[in-house]
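Notes to accompany the following structure.
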There are 2 protein chains.
Amino acid sequence: MSWKRERPETPRGYHHGNLKEELVRAALGLIREKGPNGFTFAEAARMAGVSPAAPYRHFRDRDELLADVAARGFQAFEAALSRAWDQGRPDPETAFHRLGRAYLAFAHDEPAYYAAMFEAGVPLDASAELRAAADSAFACLRQASEALIAQLPQGKRPPALMMALHIWAMSHGIAALFGRADGGRRPLPMSASDLLEAGTLIYLQGLGIGRNSPPKPD
Amino acid sequence: MSWKRERPETPRGYHHGNLKEELVRAALGLIREKGPNGFTFAEAARMAGVSPAAPYRHFRDRDELLADVAARGFQAFEAALSRAWDQGRPDPETAFHRLGRAYLAFAHDEPAYYAAMFEAGVPLDASAELRAAADSAFACLRQASEALIAQLPQGKRPPALMMALHIWAMSHGIAALFGRADGGRRPLPMSASDLLEAGTLIYLQGLGIGRNSPPKPD
DNA sequence: AGCTCATGTAAGGAGCGCTAACATGCGGGT
DNA sequence: ACCCGCATGTTAGCGCTCCTTACATGAGCT
């Protein structure tokens, strides 16, 4: 068994072999610990055990690495949301609340991704991938909104886009204000997840989709 | 007329006379143009026409200046919200929507303040003033929520704190995602203000405070 | 085997946060 | 009226980061 480079750690030759991925991992760790601003190109290089100039072979500058992290974040986000929505099974309302919990769980469990996506000031058109990933994630929310709205009688259907924007805004607002791993900026009387679920219930009730006000199929 | 220091600009003596205020003004300008991270202590000093070390006589470090800006922001924010709420005149619902518009108007018209308050990562307990100002602003929202809830019959009143958190989250979510001066990260089918008003209407409807479902005073 | 080019390194300029030591002059005490 | 204290400014400088330029290495193709 004469492998070439399987040792997981330090001793490596002149070429790293997988620097780009390792830089992304290092960036995630640094962002998680010190926020998207505390993250430093030089320190990521140090973590990967290469010289401070090496990262520039893989990313034009610091912002491009941040944009790459954000794009990967949106991809993971979209995957998590899609999995939670599960095509609306067993019924749209159950799936919708599961979607909301998945949103907050992502923000809570992947603070580095979430920060890169929403708090680092990365412009969405920094790359085509980033834009596409962000659009996919939003499309998931919009799709779920459409499924719920379809339960309403023809005349009383609000625009699905608007509903998706409302839900996104409420979710992001709760995540940003109260959903951080450190408990957020302000003590809450309930968990962020429960807060979002309650808000969603009230909002859906307002639309006439409440569990206690089914669209009488008369 | 032998004044001492009334010329508004450049020629000044060894002592500036009003450096602290000028640094805050410079910080606001820089944050507005380049975001809370692009803001630089040295550049603020340059704008005030002073050496790079001078600011340290007024702020322990860069973070303390940022915290001061955030605190002033929350004070202005609270003033704007209180003015909009106007003690619930002429009726709580009208005033409530006016409050929502004021929220978004502040985020839109004072992006530097808003960024320092919510996007700069300033911990709320950076200073007692900051904490107090932030609490006052939230108290305004909570007070408005209580006034609206008071319209409901005793049995059907949700916790005012929860309602305030929901409204804050939706407002902040819309401001953060779509309410920037540059139009936000994503094109909208309607203005951020209208989006919030629609969302609030639906939410209130869900609580039974909708204009079309008044609390039948049977 | 030898070439080529992606990927690494070394060195350095410009800018920033922050500190230390020194300069200035406003204002209060005698 | 004087003088001295102290708040507020200055210069000099350390260590760090971002990024560029010129050079070194070695993996893989022909």
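The sequence lines fix the lettering, A, B, ..., with proteins before strands; numbering per chain opens at 1.
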Reckon [X] has a side-chain N or O less than 4.0 Å from the OP1 or OP2 of [N]?
X: H58(A); N: dA6(C); result: no
X: R60(B); N: dC18(C); result: no
X: R62(A); N: dC18(D); result: yes
X: R57(B); N: dC6(D); result: no

For a quick check of understanding: with a heavy-atom distance under 4.0 Å over all strands, which category does [X] fall into, base, sugar-phosphate or nothing?
X: A42(B); answer: sugar-phosphate
X: Y56(A); answer: base
X: T40(B); answer: sugar-phosphate

Whole angstroms only, please: what is the [atom1]-[atom2] distance between [X] and [N]?
X: N37(B); N: dG15(C); atom1: CG; atom2: P; result: 20 Å
X: L23(B); N: dG9(D); atom1: CG; atom2: C1'; result: 12 Å
X: F59(B); N: dG17(C); atom1: CZ; atom2: C1'; result: 16 Å
X: L65(A); N: dC18(D); atom1: CG; atom2: C1'; result: 13 Å
X: F41(A); N: dC16(D); atom1: CZ; atom2: C1'; result: 16 Å
X: K34(A); N: dT17(D); atom1: NZ; atom2: C1'; result: 12 Å
X: L30(B); N: dG17(C); atom1: CG; atom2: P; result: 11 Å
X: E64(B); N: dC18(C); atom1: CD; atom2: P; result: 11 Å

> Closest heavy-atom contact between L66(A) and I31(A)?
Replying inline: CD1-CD1, 3.9 Å
> Does any donor atom in the side chain of E78(A) or S82(A) lie under 3.5 Å from an acceptor atom in the other side chain?
Replying inline: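 A donor-acceptor contact under 3.5 Å links the two side chains.
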Side chains of residues 119-129 of chain A: which donor-acceptor pairs under 3.5 Å do they make with residues two or more places apart or in other chains?
residue	atom	partner	partner atom	Å
S127(A)	OG	E129(A)	N	3.4
S127(A)	OG	L130(A)	N	3.0

>> Nearest to the side chain of D61(B), heavy atoms from C-beta on, is which of dG8(C), dC18(C), dT9(C)?
In response: dC18(C)
> Considering only dA12(D), dG9(D), dT9(C), which nucleotide approaches the side chain of A53(B) most closely?
Replying inline: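 Among dA12(D), dG9(D), dT9(C), the one nearest the side chain of A53(B) is dA12(D).
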> Can a salt bridge be assigned to the pair E21(B) and R72(B) using a cut-off of 4.0 Å between side-chain N and carboxylate O?
Replying inline: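 Yes, charged N to carboxylate O under 4.0 Å.
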>> According to side-chain hydrogen bond (donor to acceptor under 3.5 Å, both in side chains), does anything in residues 167-179 of chain B pair up with another residue at least two apart or in another chain? List the pairs.
In response: Y114(B)-H172(B)
